[in-house]
Amino acid sequence: MNILSWFTDPANWTGSGGIPAQIGYHLFYSAVALLAAMVIAVPLGILIGYTGRGEALVAGSANALRALPSLGLLVLLFLLISPIVSGKLVYVLPTIIVLVLLAVPPILTGTYAGIQTADPDAVGAARGMGFTKRQILLRVQLPCALPLMVSGVRSSTLQIVSTATIAAYLGLQGLGRFILDGRAQASFSEMAGGAILVAILALVLEFTFAWLGRVIVSPGLRRTVSKSSSPISTTVLEPATT
Amino acid sequence: MSNVSIVTMAALLGIPQLGSLFTQGFQLRLFVPLVTGIVLCVVLAVVFDGLIIWLNKLLTPWRQRTVTS
């Protein structure tokens with residue numbers, strides 16, 4: 001097995017171009033893009049879900065964004081930015097922007113859909129107890145929206161991690177290096193190794209988010225929770241099935 | 001929709017299709033093939049989307065309204 005020997009070759013595991021270093025770069029670009037996307041998408045999603053305005057506009061533009069080819073966008077941004085900024089930023093900035101554009105729609109949709117589908121009974125009960133609108137948003141609607149928000153972040157993360165490989169096309173580091181360099185040297189085991197590493201990384205992150213979702217989501221919102229453990233919270237706060 | 005845009009990645013491996021316009025634009029620092037590629041890609045995605053909606057309508061005539069996604 002050539003791929004196996006590529007993985008077990010110690011030379012591939014050390015140095016600045018080694019597997020751990022490239023995974024580090026890959027995770028770094030992905031994390032920056034994910035954070036930026038969340039900073040943009042979560043407040044916007046809350047605003048849309050809360051006011052109920054601009055939903056059609058956002059859904060439409062989110063669909064249009066999906067049709068945009070990431071690679072073309074990357075090169076276009078690079079050509080647009082290159083006369084303005086200098087240094088390494090000229091490569092990093094287009095990559096991050098492309099990844100953010102990719103990651104915003106799922107988080108945005110998850111956030112506003114989560115807030116809109118928050119159980120009306122729970123919202124009504126909170127209002128009856130004298131909650132202000134702000135309290136309802138922060139203490140009822142947002143916790144109810146958390147499962148959908150987390151799943152939005154999850155699908156964004158998967159897309160970011162797999163698409164971050166194209167950073168290598170501009171000459172940046174990351175796991176895409178193995179794929180493109182392997183292609184250039186006709187070393188198919190290196191290409192396959194890079195692809196496998198990306199898949200493993202995506203799976204690990206997926207499991208991490210699944211675990212995170214279980215930890216931060218209120219127990220009353222879990223659909224699998226047994227009715228006998230806390231009958232009141234499950235019946236009141238169970239989100240409407242979408 | 002996103003399938004059409006992902007296919008362009010294959011240009012990185014040298015498989016010729018619309019994405020080849022991107023690599024060409026990058027190598028020559030030219031905007032024209034680049035923008036052409038992006039526009040064609042979006043047009044293709046919209047055409048496919050329309051085709052699927054039309055096919056959906058054709059195959060499920062008992063439905064009054066087609067579900068848009």
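Naming convention: chains lettered A, B, ... in sequence-line order (proteins, then strands); numbering from 1 in each chain.
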- Message: Under 4.5 Å from any heavy atom of chain A, what part of B:V35 do you find: side chain, backbone, both or neither?
- Response: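 For B:V35, the side chain is the part near chain A, not the backbone.
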- Query: What pair of heavy atoms forms the shortest contact from B:I38 to A:L73, and how long is it?
  - Reply: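 It is CD1-N, 4.0 Å.
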- Message: Take a 6.0 Å sphere around OH of A:Y25 and say whether it holds more than 12 heavy atoms from other residues, nucleotides or ligands.
- Response: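 Atom OH in A:Y25 is not crowded, with 12 or fewer foreign heavy atoms closer than 6.0 Å.
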- Item | Heavy-atom neighbours of B:F31 CZ exceed 12 at 6.0 Å |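 Counting neighbours around CZ of B:F31, more than 12 heavy atoms of other residues, nucleotides or ligands fall under 6.0 Å, so yes.
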- Task: Measure the CG-CG distance between B:L34 and A:L79 for me, rounded to the nearest 0.5 Å.
- Result: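 Rounded to the nearest 0.5 Å, the CG-CG separation comes to 6.0 Å.
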- Which bit of A:L74 is near chain B, if near means a heavy-atom gap under 4.5 Å: side chain, backbone, both or neither?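 For A:L74, there is no contact with chain B at all, as no heavy atom is under 4.5 Å.
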